[in-house]
Enquirer: 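The structure that follows is given in the form of structure tokens.
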Amino acid sequence: QVQVAESWGGLVQAGWSLRLSCSVSGLIDDASMGWFRQAPGKEREGVACINLSGDKTFYSDSVTGRFAISRDNARSTVYLQMNSLEIDDTGIYYCATGCAVVTSASGSVSIRAAAEYWGQGTQVTVSS
């Protein structure tokens, strides 16, 4: 049975960094992986997506240049390095198996869920 578990969220001040981890059992070698977040009162938002081999990464416009997704298939782990955190980055961050990238005509990138398995999420709170 596939299990997904996020960790290392926390409370930080604006401008600080956090590195989230996502451990996956059973499926990581077969799927793209994505990070999503949901702020209170808002819809879930795709943040980052990485392909199976890890050589292609995609980011939503709101985090481009600040966040970096990576994966270590040998350790069945996906990471999200978050730098220059902003108050609007506050939310519950979820890791999921499977993501899709949609690019608009204007070049805006959206990360969509194509996930069969989700973790329980880890809280990230950014204070001023």
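Since we're looking at a predicted model, the values are computed, not measured.
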Enquirer: Calculate, to the nearest 0.5 Å, the distance between atoms CD1 and SG belonging to Ile69 and Cys95 respectively.
Expert: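 One finds 7.5 Å between CD1 of Ile69 and SG of Cys95.
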Enquirer: Membership question, hydrophobic clusters at under 4.5 Å side-chain separation (ILVMFWY): are Tyr117 and Val47 in the same one?
Expert: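 Linked within one cluster.
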Enquirer: To the nearest 0.5 Å, tell me how far Gln1 CD sits from Ser25 OG.
Expert: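 One finds 8.0 Å between CD of Gln1 and OG of Ser25.
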Enquirer: Hey, does Ile50 have a side-chain heavy atom less than 4.5 Å from the side chain of Ser32?
Expert: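 They are not in contact (no side-chain heavy atoms under 4.5 Å apart), so the answer is no.
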Enquirer: Using every non-hydrogen atom in the two residues, find where Gln123 and Gly91 come nearest and quote the distance to one decimal.
Expert: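 For Gln123 and Gly91, the tightest heavy-atom pair comes out as NE2-O, 3.4 Å.
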Enquirer: For residues Ser108 and Ser106, is any side-chain donor paired with an opposing acceptor at under 3.5 Å?
Expert: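 Note: Ser108 and Ser106 side chains miss the donor-acceptor criterion.
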Enquirer: What closest approach, in Å, do Gly46 and Phe36 show between heavy atoms, and which atom pair accounts for it?
Expert: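 Closest approach of Gly46 to Phe36, heavy atoms only: CA-CD2, 3.3 Å.
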Enquirer: From Ser127 OG over to Gln13 CD, what is the distance, rounded to the nearest 0.5 angstrom?
Expert: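 Reported value, rounded in 0.5 Å steps: 5.0 Å.
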Enquirer: Between Glu86 and Ser84, is there a side-chain donor-acceptor contact under 3.5 Å, judged purely by atom types and distance?
Expert: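 Side-chain D/A pair, Ser84 to Glu86: absent.
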Enquirer: Should Cys49 and Thr57 count as side-chain neighbours, where that means a heavy-atom distance under 4.5 Å?
Expert: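 They are not in side-chain contact.
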Enquirer: Do the side chains of Gln81 and Ser17 get nearer than 4.5 Å, heavy atoms only?
Expert: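 A side-chain contact exists here, since the closest heavy-atom pair is under 4.5 Å.
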Enquirer: If Ile, Leu, Val, Met, Phe, Trp and Tyr residues are connected whenever their side-chain heavy atoms lie under 4.5 Å apart, and connections chain through other members, are Leu20 and Phe58 in the same group?
Expert: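 In one cluster: no.
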Enquirer: Would a distance-only check, ignoring hydrogens and angles, find a side-chain to backbone donor-acceptor pair under 3.5 Å from Asn73 to Leu52?
Expert: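 Between the backbone of Leu52 and the side chain of Asn73 there is a qualifying donor-acceptor contact (under 3.5 Å).
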Enquirer: If you count every heavy atom of other residues, nucleotides or ligands that lies below 6.0 Å from Gln120 atom CD, does the total exceed 12?
Expert: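 Incorrect, the count does not exceed 12.
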Enquirer: Aromatic contact between Phe67 and Trp35, with the criterion being ring centroids under 6.0 Å apart: yes or no?
Expert: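 No, ring centres 6.0 Å or more apart.
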Enquirer: Give the ring-plane orientation class for Tyr94 versus Trp118, where under 30° counts as parallel, over 60° as perpendicular and anything between as tilted.
Expert: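 Correct class here is perpendicular.
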Enquirer: What is the minimum heavy-atom distance between Ala114 and Ala100, and which atoms define it?
Expert: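 Nearest heavy atoms, Ala114 then Ala100: CB-N, 4.4 Å.
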Enquirer: Quick check on the hydrophobic clustering: are Ile111 and Tyr93 connected, directly or via other members, by side-chain heavy-atom contacts under 4.5 Å?
Expert: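 Ile111 and Tyr93: separate clusters.
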Enquirer: Going by heavy atoms in the side chains, are Val78 and Leu80 under 4.5 Å from each other?
Expert: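 No - every pair of side-chain heavy atoms lies 4.5 Å or more apart.
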Enquirer: Using a 4.5 Å cut-off on heavy atoms from C-beta on, say whether the side chain of Ile92 contacts that of Arg37.
Expert: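 Heavy-atom side-chain distance check fails, nothing below 4.5 Å.
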Enquirer: Could you tell me if Arg71 sits above the aromatic ring of Tyr79, with its cationic atom closer than 6.0 Å to the ring centre and no more than 45 degrees from the axis?
Expert: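 The answer is no; the distance or angle limit is not met.
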Enquirer: With no hydrogens and no angle check, do the side chains of Thr77 and Asp72 hold a donor and an acceptor under 3.5 Å apart?
Expert: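 No, because no side-chain N or O of Thr77 sits under 3.5 Å from a partner of the opposite role on Asp72.
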Enquirer: Hey, which of Thr90, Val63, Val12 is the one that makes side-chain contact (heavy atoms from CB on, under 4.5 Å) with Leu85?
Expert: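 So, applying the side-chain contact (heavy atoms from CB on, under 4.5 Å) to Leu85 and each of Thr90, Val63, Val12, only Val12 qualifies.
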Enquirer: Atom CG in Leu18, atom CE in Met82: separation rounded to 0.5 Å?
Expert: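 Interatomic distance, Leu18 CG to Met82 CE, rounded to 0.5 Å: 4.5 Å.
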Enquirer: Test of understanding: with ring pair (Phe, Tyr, Trp, His ring centres under 6.0 Å), list the residues that count as partners of Trp8, not counting sequence neighbours.
Expert: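 Not a single residue meets the ring pair (Phe, Tyr, Trp, His ring centres under 6.0 Å) criterion with Trp8.
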Enquirer: About how many Å separate CG of Asp89 and OG1 of Thr125, when rounded to the nearest 0.5 Å?
Expert: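 Thr125 OG1 to Asp89 CG: 11.0 Å, rounded to 0.5 Å.
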Enquirer: So, Ser23 versus Glu6: side-chain donor-acceptor pair below 3.5 Å or not?
Expert: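 No, Glu6 and Ser23 have no side-chain donor paired with an acceptor closer than 3.5 Å.
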Enquirer: What about Met33 and Tyr59, same hydrophobic cluster or not, with Ile/Leu/Val/Met/Phe/Trp/Tyr joined at side-chain heavy-atom distances under 4.5 Å?
Expert: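 Yes, one cluster joins them.
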